[in-house]
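We name chains A, B, ... by the order of the sequence lines, and we start the count at 1 in each one.
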Amino acid sequence: MSQKIQAVRGMNDVLPSDAPAWQRLHAVAAEVFAAYGYAEIRLPVVERSELFKRAVGEVTDVVEKEMYSFEDRGGERLSLRPELTAGVVRAGIEHGLFFNRQQRLWCSGPVFRYERPQAGRYRQFHQLDVEAFGIATPDLDVEIIALAEALFRRLGVGGFRLQLNSLGTPAVRAAYRAKLVDYLRRFESSLDEDSRRRLSTNPLRVLDSKVPGTRAILEGAPQLPDHLDAPSRAHFETVQRGLSDLGIAYALNPRLVRGLDYYTHTVFEWTSTALGAQDAVCAGGRYDGLVEQLGGPPTPGIGFAIGVERLVLLMRAQEVPLPEAGPQVYFCRFGERADPAAAQLAETLRRRLPGLRLLLNAGGGALKTQLRRADASGARYALILGDDEAAAGRVQVKSLRGEGEPRSVAVSELPAQLAELLELPLLS
RNA sequence: GUGGACGUAGCUCAGUUGGUUAGAGCUUCGGAUUGUGAUUCCGGAGGUCGUGGGUUCGAGUCCCAUCGUCCACCCCA
């Protein structure tokens with residue numbers, strides 16, 4: 001058993017039984033993104049390590065201890081991407097996508113973080129990412145949030161809690177940060193070890209500590225929303241009003257601080273209690289300084305990422321209906337004349353009945369065996385073509401689900417018969 | 001990186017205070033007369049008990065290590 005080569009820790013196979021949920025998610029996502037006017041961009045999985053250090057932040061956990069980094073044969077420092085936003089920004093700058101225009105983009109694929117796997121957390125996981133550039137006004141914040149909301153609704157998953165906060169501008173954040181540190185220093189000896197460490201590295205992160213003693217201290221801490229400057233406050237209020245106008249429910253969470261350094265102003269996160277400890281399904285925010293920081297023209301931006309595995313988990317938990325994917329028809333064939341005749345007929349049926357899912361028996365087997373396979377395949381009908389039928393120019397159509405007796409149909413009539421039975425369009 | 005639980009057939013599990021050739025259900029394959037499935041009956045296949053050491057006359061059962069899975073912390077989608 002241990003001799004067998006197995007998947008790398010934290011990197012999972014999506015087996016055929018799970019694939020339909022993934023397909024459904026991506027199909028609905030592509031539709032919704034298109035409906036809002038977002039265009040797809042596809043990116044390499046590997047980028048220069050430098051990109052993530054500059055975009056995500058040098059001292060964040062994601063780049064500090066979770067990146068898969070290596071040197072290629074030419075000595076370049078490269079990393080498997082730990083998130084998608086940095087790559088989208090890099091590509092946009094590189095191809096001049098941000099010069100004097102707005103861009104609405106989406107992107108999806110695997111990302112990699114070296115963490116201990118647990119429920120809803122893997123070393124290779126997948127994100128659906130939406131990003132919009134060149135629009136600084138709060139109406140775009142509302143659009144982005146509404147877009148995610150629409151995706152969940154179209155997919156048929158619910159029970160989320162949308163949390164909202166504003167981090168303001170970098171200046172606001174710096175000023176607040178100083179106040180927070182001042183306050184926390186007074187209780188330093190009562191803080192838990194992690195929070196004490198963060199006090200010097202990333203004090204805002206202390207805010208979402210789960211340690212009870214620390215939480216108690218935080219009760220009296222200065223609140224970030226109280227320190228917003230007038231423009232930031234106005235921006236945030238407009239976002240809230242816009243969401244209310246659209247009937248989107250949200251909860252303000254002054255402690256919501258995202259773990260990536262590039263966020264400014266609006267940040268948001270959808271969580272679900274059905275997921276265990278890793279409860280964030282979708283999270284994002286505004287990052288107005290990022291494009292410039294990576295060498296592009298000053299360009300406001302905002303985006304979010306959805307955790308595909310987590311959303312698929314919810315789809316399964318909430319039993320989201322999935323389209324039938326198995327064969328509708330299983331074609332049994334046996335005999336010297338019948339075998340090639342059946343192969344040809346199968347091609348004809350697939351061509352004339354678009355959408356038909358027909359599985360042609362292969363590998364021989366007695367009729368009994370073939371019918372057993374037909375039943376196991378989940379097909380609704382079996383077609384039976386032996387030498388007797390071949391000689392007569394007919395095919396037996398047999399219901400596998402108790403819908404009437406088998407009947408013999410002339411080959412010439414078969415396409416029309418199947419079209420009617422399966423309610424499929426028929427081409428000439 | 002830290003902590004806890006767990007690793008027995010493809011799957012879900014049983015396996016008595018350590019005692020002879022390790023079991024069940026499901027799945028799978030074959031058969032129950034010639035070309036008719038899913039029900040029923042009969043039969044077969046499938047495990048060096050995660051791996052490596054150790055204790056013992058004897059280990060799936062005890063000890064150690066290691067790998068892996070799950071859950072939580074940390075962090076995050």
Side-chain angles (χ1 to χ4, degrees), chain A residues 1-12 15 17 56 60-67 81-85 108-130 148 192-195 197-198 201-202 205 208-211 256-260 268-272 275-285 303-314 330 332-335 338 361 365-390 396-402 405-406:
Chain A
M1 203 69 116
S2 72
Q3 307 276 13
K4 284 184 189 162
I5 295 181
Q6 28 183 328
V8 173
R9 172 168 220 198
M11 306 206 179
N12 301 117
L15 298 178
S17 54
V56 177
T60 56
D61 280 19
V62 169
V63 317
E64 214 170 39
K65 47 188 210 193
E66 296 175 2
M67 276 216 290
R81 58 187 182 191
E83 54 112 51
L84 297 176
T85 305
S108 76
V111 297
F112 303 83
R113 290 181 198 172
Y114 189 86
E115 304 179 270
R116 281 283 281 273
Q118 72 181 76
R121 195 175 71 182
Y122 316 100
R123 288 184 171 179
Q124 174 178 330
F125 63 101
H126 296 75
Q127 291 189 335
L128 279 170
D129 209 56
V130 173
D192 63 280
E193 194 186 329
D194 281 322
S195 294
R197 179 172 48 79
R198 288 199 212 112
T201 57
N202 198 343
R205 296 223 52 86
D208 53 16
S209 170
K210 290 173 189 167
V211 180
L256 179 65
V257 185
R258 315 269 37 239
L260 283 50
F268 48 86
E269 179 171 310
W270 279 263
T271 56
S272 168
L275 282 176
Q278 309 302 319
D279 60 357
V281 184
C282 173
F304 65 75
I306 290 172
V308 171
E309 281 82 356
R310 292 181 187 175
L311 193 46
V312 167
L313 236 44
L314 288 174
Y330 191 103
C332 304
R333 53 164 169 168
F334 50 94
N361 186 74
L367 178 58
K368 172 188 266 188
T369 304
Q370 295 193 31
L371 280 169
R372 236 197 311 263
R373 289 175 190 152
D375 186 49
S377 78
R380 198 166 145 195
Y381 295 101
L383 298 181
I384 300 171
L385 182 59
D387 281 346
D388 293 353
E389 286 84 356
Q396 204 181 129
V397 179
K398 178 185 172 86
S399 166
L400 297 169
R401 311 293 155 210
E405 292 301 303

| task | Name the nucleic acid region contacted by I384(A), choosing base, sugar-phosphate or nothing; use a 4.0 angstrom heavy-atom cut-off, strictly under. | result | base

| In whole angstrom, what separates D388(A)'s CG from U36(B)'s P? | 12 Å

| said: Treating primed atoms plus P, OP1 and OP2 as sugar-phosphate and everything else as base, which nucleotides of nucleotides 37-47 of chain B get B, S or - for protein heavy atoms under 4.0 Å? | reply: BS---------

| Would a 4.5 Å heavy-atom cut-off, applied to side chains only, mark V211(A) and S195(A) as touching? | no

| field | Inter-nucleotide P distance (A14(B), G50(B)), Å rounded | value | 14 Å

| task | Could you name each residue pair satisfying salt bridge (Lys or Arg N to Asp or Glu O under 4.0 Å) that touches residues 109-126 of chain A, not counting sequence neighbours? | result | E115(A)-R121(A)

| remark: Whole-Å distance, L313(A) CG to C76(B) C1', equals 15 Å

| remark: When rounded to whole Å, the CD to P distance for the pair E83(A) and A77(B) reads 8 Å

| note | Applying the Watson-Crick and G-U criteria (both distances under 3.5 angstrom) with [ ] for crossing and | for other-strand pairs, one obtains for RNA chain B (((((((..((((.....[...)))).(((((.......))))).....(((((..]....))))))))))))....

| Any side-chain N or O of R205(A) less than 4.0 Å from the OP1 or OP2 oxygen of C76(B)? | yes

| request: Taking Q370(A) for its side chain and G365(A) for its backbone only, find out whether a donor-acceptor pair lies under 3.5 Å. | output: yes

| message | Distance check, P atoms only: U16(B) and U8(B), in whole angstrom units. | response | 15 Å

| said: From CD of Q124(A) over to C1' of A77(B), roughly how many Å is that when rounded to an integer? | reply: 14 Å

| task | Measure the shortest side-chain to side-chain distance between V281(A) and T271(A) over non-hydrogen atoms and say whether it is less than 4.5 angstrom. | result | no

| message | Between U33(B) and C42(B), how far apart are the two C1' atoms, rounded to whole Å? | response | 16 Å

| task | List in chain and number order the residues that pass ring pair (Phe, Tyr, Trp, His ring centres under 6.0 Å) with F268(A), two or more places apart in sequence or in another chain; answer none if no residue qualifies. | result | W270(A)

| Span that lies between the C1' atom of A59(B) and that of C64(B), in whole angstrom | 15 Å

| task | Could you measure between the two P atoms, the one in G15(B) and the one in G23(B), and give it in whole Å? | result | 15 Å

| said: If you define the side chain from C-beta out and look only at heavy atoms, does anything of K398(A) sit under 4.5 Å from I384(A)? | reply: yes

| Short side-chain to backbone donor-acceptor contact, E309(A) and H126(A), under 3.5 Å | yes

| query | Which of these nucleotides, C76(B), U36(B), A77(B), is closest to any side-chain atom of Q278(A)? | reply | C76(B)

| field | Heavy-atom donor-acceptor pair, R333(A) side chain to L385(A) backbone, under 3.5 Å | value | no

| How is E64(A) classified with respect to the nucleic acid when contacts are heavy atoms under 4.0 Å: base, sugar-phosphate, or nothing? | nothing

| query | With sugar-phosphate meaning primed atoms plus P, OP1 and OP2, does A283(A) contact a base, only sugar-phosphate, or nothing at under 4.0 Å between heavy atoms? | reply | sugar-phosphate

Please write out each protein N/O paired with an N/O of nucleotides 66-71 of chain B under 3.5 Å, distance rounded to 0.1 Å.
unit_1	atom_1	unit_2	atom_2	d
U69(B)	OP2	R9(A)	NE	2.8
C71(B)	OP2	A119(A)	N	2.6

| message | Between U61(B) and G54(B), how far apart are the two C1' atoms, rounded to whole Å? | response | 15 Å

Going by atom type alone, with no hydrogens or angles, which donor-acceptor pairs under 3.5 Å involve a side-chain atom of residues 373-381 of chain A and a protein atom two or more places apart or on another chain?
unit_1	atom_1	unit_2	atom_2	d
R373(A)	NH1	N361(A)	OD1	3.0
R373(A)	NH1	G364(A)	O	2.8
D375(A)	OD1	R401(A)	NH1	3.1
S377(A)	OG	A374(A)	O	2.7
S377(A)	OG	A379(A)	N	3.2
R380(A)	NE	E403(A)	OE1	3.2
R380(A)	NH2	E403(A)	OE2	3.3

| said: Here's a test of your reading of the structure: between V281(A) and V211(A), which maps to the more 5' nucleotide of RNA chain B? | reply: V211(A)

| Over how many whole Å does the gap from D192(A) atom CG to G3(B) atom C1' extend? | 16 Å

| message | Taking 5.5 Å and 30° as the limits, would you call F334(A) and the base of G35(B) a stacked pair? | response | no

| task | Please examine the side chains of F125(A) and V308(A), heavy atoms only from C-beta on, and report whether any two atoms are closer than 4.5 Å. | result | no

| said: Considering every strand and a 4.0 Å limit on heavy-atom distances, what is the contact class for E66(A): base, sugar-phosphate, or nothing? | reply: sugar-phosphate

| said: When the C1' atoms of G10(B) and C76(B) are compared, how many Å lie between them, rounded to an integer? | reply: 35 Å

| Mind checking the P distance from G60(B) to G7(B)? Whole angstroms is fine. | 15 Å

